[in-house]
Amino acid sequence: MCVLFQYNNVNVGYFTILLTINGNYSPLIFHKVLDIQKIRQDFPILSEVINGKPLVYFDNAATTQKPLPVLNALTRYYEHFNANIHRGIHHLAEKATSAFEASRHKIQTFLNARHVEEIIFTYGTTDGINLVAQSYGRTFLKAGDEIIISTMEHHSNIVPWQMLCEEKGCVLRVIPINDEGELLMDEYEKMLSERTKFVSVVHVSNALGTINPVAEIIEKAHAVGAKVLIDGAQASSHIDIDVQALDCDFYVFSLHKLYGPTGMGALYGKKDILNAMPPYRGGGEMIKEVTFAKTTYSDLPYKFEAGTPNIADVVAAYTAVEYVEKLGKKQIADYEHELLVYGTDALQSIEGLTLVGTAKEKVSVISFVMDGIHPQDVGVILDQQGIAVRTGHHCTQPLMQRLGIPGTSRASFAVYNTKEEIDKLVVGLERVKKMLS
């Protein structure tokens, strides 16, 4: 027996009632199956028509689309309690402050942080990494100290460390990968020493979809006394994240890759480390008292949140996280894995197409190249058919250099995508071949 279940106007699909054998009834066991067509109705942009074709949106690793509850949360804030936060005593200010801080508690739960003040609001993953590099790095790292990153890092997790190394005289070291796009962990272990002071690696590769063994990376780094930052930009919408279980020192992610607004992200940091770090920016909110002689700073988390924040998007972040929680992280991951398997098999059937990034552990990202066809041309012709993919180096130029290619075409799937859309991609790629081969 199946029953359709809807929770707070979010379509989460069907629950199957299971019975025991031997004629005896067990306690009811409910197994949630996502109703993808119902979920698609939550995303109005999916009804757009591009070049006369229904939109097929496969650029989710760049940014996910936003469901109606998130759009409504933004509108509701501006229509009903738009005000600056924390310092006002009037009704609107108090209501806005309450909603703003509710999002902090929601993200604390989402990451399983021990303390709510360990959640710092940022403008995204890039901002969070820069905060750590500039505040922790400039304070605690010195000439000769070694910082380890990996070959598959996004530029946002390369450039801030290069800047720090140039300023402080630190040494940047890079974990190599194999041809499948997996970290060579034996080489990582060889790099670790008493000189290793910081490790900053991506949880999931945006270009390849590789899931890195971050728990092992953290454990081995801590064994030599190094601190660890995990870039969770791509992991947040696909993988359950428990910062206490991982024991990472810092974790950063962006809400716009989690069905939330752009321009808003979060940094988790262990409380004792954050307390030891100086402020990253100066201004309002991050102070207790200012005189021309001296300024005293606010306590966590506010000492890292200078100026008027991105209030509306922080408020809407609560709804985005709630939306994902109601669907269920495991259910989303299981369905996206179905799409990954289906899409991998389908694209491998295209003659002259080569997959780039074939790690054993992956999220729903498929990068590929086509013989004799530039990735940009692939993207342009697919766009003419209403299919949105990402092309280029995906802000991972060193990775592309390691792989010996200028870039790839990338199809990245989210919970609202379907196998039928993947079939359209296959047809579209066959058309690309016909036109350009």
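A heavy-atom distance below 4.5 Å is not found between the side chains of Thr126 and Pro160. Using a 4.5 Å heavy-atom cutoff, the side chains of Cys165 and Val171 are not in contact. Looking at Ile230 and Ile218, their side chains come closer than 4.5 Å, going by heavy atoms from C-beta outward. At least one side-chain heavy atom of Leu258 sits less than 4.5 Å from a side-chain heavy atom of Phe253. Between Val324 and Thr64 the shortest side-chain heavy-atom distance does not fall below 4.5 Å. Contact annotation: the side chain of His203 approaches that of Ile239 to within less than 4.5 Å [non-hydrogen atoms, C-beta and beyond]. Between Arg410 and Val365 the shortest side-chain heavy-atom distance falls below 4.5 Å. Lys270 has its side chain out of reach of Phe250: every pair of non-hydrogen atoms, C-beta onward, lies at least 4.5 Å apart.
Side chain to side chain, Ser150 and Glu153 meet the donor-acceptor criterion of an N or O pair below 3.5 Å. At a cut-off of 3.5 Å, with distance as the only test, a side-chain donor of Glu285 or His86 sits close to an acceptor on the other residue. Donor-acceptor pairing under 3.5 Å is recorded for the side chains of Asn82 and Tyr77. With 3.5 Å as the limit, one finds a donor-acceptor pair spanning the side chains of His394 and Thr408. In this model, a donor atom of one side chain and an acceptor atom of the other lie less than 3.5 Å apart for Thr125 and Ser254. Between the side chains of Asn157 and Ser200, at least one donor-acceptor pair of N or O atoms lies under 3.5 Å. Side-chain contact, Asn60 with Asn417: a donor N or O sits under 3.5 Å from an acceptor N or O. Checking Gln134 against Asn130 by side-chain atom types alone, no donor-acceptor pair falls below 3.5 Å. Neither side chain, Tyr251 nor Asp242, offers a donor N or O lying under 3.5 Å from an acceptor on the other.
For the pair Gln108 and His115, the tightest heavy-atom approach, listed with the atom from each and the gap, is NE2-C, 3.6 Å. Considering every non-hydrogen atom in both Asp249 and Ile273, the closest pair reads OD1-CD1, 3.5 Å. When all heavy atoms are compared, the tightest approach of Gly407 to Val369 is O-CG1, 3.6 Å. Across all non-hydrogen atoms, the minimal contact from Ile332 to Ser237 is CG2-O, 4.0 Å. In terms of heavy-atom proximity, Ile422 sits nearest to Gly343 at CG2-CA, 3.8 Å.
A 6.0 Å sphere centred on CD of Gln244 holds more than 12 heavy atoms belonging to other residues, nucleotides or ligands. Around the CE atom of Met185, the shell of radius 6.0 Å holds more than 12 heavy atoms that belong to other residues, nucleotides or ligands.
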Can you list, pair by pair, the side-chain donor-acceptor contacts under 3.5 Å of residues 428-435, counting residues two or more places apart and other chains?
unit_1: Lys433; atom_1: NZ; unit_2: Glu351; atom_2: O; d: 3.0

Residues 370-386 side chain polar contacts: donor-acceptor under 3.5 Å, at least two apart:
unit_1: His374; atom_1: ND1; unit_2: Gln376; atom_2: N; d: 3.0
unit_1: Gln385; atom_1: NE2; unit_2: Ile381; atom_2: O; d: 3.2

For residues 304-318, which side-chain donor-acceptor pairs fall under 3.5 Å, sequence neighbours excluded?
unit_1: Glu305; atom_1: OE1; unit_2: Arg104; atom_2: NH2; d: 3.1
unit_1: Glu305; atom_1: OE2; unit_2: Arg104; atom_2: NH1; d: 2.8
unit_1: Glu305; atom_1: OE2; unit_2: Phe121; atom_2: N; d: 2.8
unit_1: Thr308; atom_1: OG1; unit_2: Asn84; atom_2: ND2; d: 3.2
unit_1: Asn310; atom_1: ND2; unit_2: Gly263; atom_2: O; d: 2.8
unit_1: Asn310; atom_1: ND2; unit_2: Asp313; atom_2: OD2; d: 2.8

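Remark: the backbone N or O of Val132 is not paired with any side-chain donor or acceptor of Ser135 at under 3.5 angstrom. In this structure, Lys168 contributes its side chain and Thr139 its backbone to no donor-acceptor pair below 3.5 Å. With hydrogens and angles disregarded, no donor-acceptor distance shorter than 3.5 Å links the side chain of Lys424 to the backbone of Ile387.
Legend: ring pair (Phe, Tyr, Trp, His ring centres under 6.0 Å) pairs involving residues 208-247, not counting sequence neighbours: none detected. The stretch residues 207-219 participates, sequence neighbours left out, in no side chain to side chain donor-acceptor pair (under 3.5 Å) pair at all.
The side chain to side chain donor-acceptor pair (under 3.5 Å) search around Lys66 returns Thr63, not counting sequence neighbours.
Ring planes of Tyr416 and Tyr259: perpendicular class, angle over 60° (limits at 30 and 60°). Ring geometry for His393 versus His155: interplanar angle of 30 to 60°, hence tilted.
The CD atom of Glu421 sits 12.0 Å away from the OH atom of Tyr57 when rounded to the nearest 0.5 Å. For the atom pair Ile119 CD1 and Leu267 CG, the distance stands at 8.0 Å (nearest 0.5 Å).
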Residues Leu274, Lys271; criterion side-chain contact (heavy atoms from CB on, under 4.5 Å); working and verdict: CA-CA 5 Å; Leu274 291 174; Lys271 186 176 179 179; 5.9 Å; no

Working for salt bridge (Lys or Arg N to Asp or Glu O under 4.0 Å), residues Lys419 and Asp423: CA-CA 6 Å; Lys419 293 175 182 177; Asp423 293 339; over 6 Å; no

